[in-house]
Amino acid sequence: MKLKKILERTDIPENLRTELEKFNSENEKKIAELKEANEKALAEVAILKNQNSEKDKFFSIIAHDLRGPLGNFSELCGLLMEDLQVMSIKDLQEAASAMHLSAKKLYQLLENLLIWSKARMGSTKPVVTSMDLDLVVNGVEYLYHEAAEIKGLLVNKQDCNITVECDGYMLETILRNLVGNAIKYCMKGDRIIVSAKQSQHEVEICVADTGIGMTPEIIAGLFRLDSNVQRPGTAGEPSTGLGLLLCKEFVDLHGGKIWAQSNKGFGSSFYFTIPIPISTPASVEKSTASSFQPASSN
Ligand code: ADP
């Protein structure tokens, strides 16, 4: 600053001015370089912070959420071992179905955990095919029909007869998580509707429920690693806060958007978009059925 003031003076000898100007411009270059290095360092710190939160999330899921169903499973196995001789068929059936439920929860959680970590490591790329949305929704409905029946819920489709150019496995994973959540946060007699609408540039898919809804604080914390929005479902189902992160990861990989609207006590609607490719690449395969491996329900 002082140097600039000196350079404004008219009484400086010409050779000194040239030297000072050279010094000034070198100085400015160095300052710009330092600024750039500082910005890079700050960006790296932000990435490391995020990776650290991911690692924390990972360990908290393993330490806390896997312990529950695994502990139940192990207890039930112990019970069977000790009391098998004296158990009635009804007791055995109850124990077997509780073990089945624990195993299904474990499987679902592990699957989400693996897919999520794979996506975070950048090793997941969408394999785009033409997916019949109606068939994908049918598959998800089938997966959850038992859970919906137990809770006395109605799951319906609306305007799903469209083709979506996307990764079928990812589309199913998103819908599986959103429909699973809707079931988790609904009460007896509530309704869930999966609907879609197509515009010129994108397909918008919505999973709406008439369940318990969310507070503005929960809505603000959705799809974020650093928030704590997990709540047990209406029947005490566990929540890890991983499902929506995974949905966002997959929607992002397609260049789409995901968001939620809700009023506490009046249900929730989750929306996501999948852009329509400008020209369908030659590599796109036509698929008439969903290409994914069905996974077990929550
Ligand atoms: P999880 O994988 O355990 O199901 P999510 O990431 O899918 O966790 O959801 C995080 C939280 O968002 C839930 O614990 C709940 O508080 C809220 N949430 C998600 N979907 C709904 C919904 N349909 N209705 C009400 N709350 C919801």
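Each ligand, and each atom within it, is numbered from 1 in the order the structure gives. Counting from 1, the numbers follow the sequence of the chain as shown.
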For [X], state whether at least one heavy atom is located under 4.0 Å from any atom of ligand 1.
X      : value
Phe270 : yes
Gly211 : no
Asp209 : yes
Ile212 : no

Taking all heavy atoms of [X] and all of [Y], pick out the closest pair and write down the distance.
X      : Y      : value
Ala95  : Met87  : CB-CE, 4.1 Å
Ser268 : Ser262 : OG-OG, 3.3 Å
Ile274 : Glu165 : CG2-O, 3.7 Å

Interfacing atoms of ligand 1 (cut-off 4.0 Å, heavy-atom, [X]):
X      : value
Gly213 : 25 (C)
Lys184 : 1 (P), 3 (O), 4 (O)
Val229 : 10 (C), 11 (C), 13 (C), 14 (O), 15 (C), 16 (O)

Does Ser239 approach ligand 1 within less than 4.0 angstrom via side chain, backbone, both or neither, non-hydrogen atoms only?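 For Ser239, backbone and side-chain atoms both sit under 4.0 Å from ligand 1.
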Ligand 1 N/O within reach of [X] N/O, cut-off under 3.5 Å:
X      : value
Ile218 : no
Gly241 : yes
Asn177 : no
Leu222 : no

Identify which of Gln230, Arg231, Lys264, Lys248 has a heavy atom lying nearest to atom 25 (C) of ligand 1.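 Looking at heavy atoms only, Arg231 sits closest to atom 25 (C) of ligand 1.
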Any side-chain heavy atom of Asp190 within less than 4.5 Å of one from Thr234?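 With C-beta onward as the side chain, the pair stays apart.
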Taking atom CD1 of Ile89 as the centre, report whether more than 12 heavy atoms of other residues, nucleotides or ligands fall under 6.0 Å from it.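 No, CD1 of Ile89 has 12 or fewer neighbouring heavy atoms, counting only those of other groups under 6.0 Å.
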Looking at Glu237 and Ala235, would you say the former's side chain and the latter's main chain have a donor-acceptor pair under 3.5 Å? yes
Please identify each residue that fulfils salt bridge (Lys or Arg N to Asp or Glu O under 4.0 Å) with Asp252, with sequence neighbours left out. Lys248
Mutual orientation of the aromatic rings belonging to Phe223 and Phe270 [parallel < 30°, tilted 30-60°, perpendicular > 60°]: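 Geometry flag for Phe270 against Phe223: perpendicular rings.
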Pairs involving residues 7-30, ordered by first then second residue, that meet side-chain hydrogen bond (donor to acceptor under 3.5 Å, both in side chains) (sequence neighbours left out):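 Qualifying pairs, neighbours excluded: Lys4-Glu28, Arg9-Asp11.
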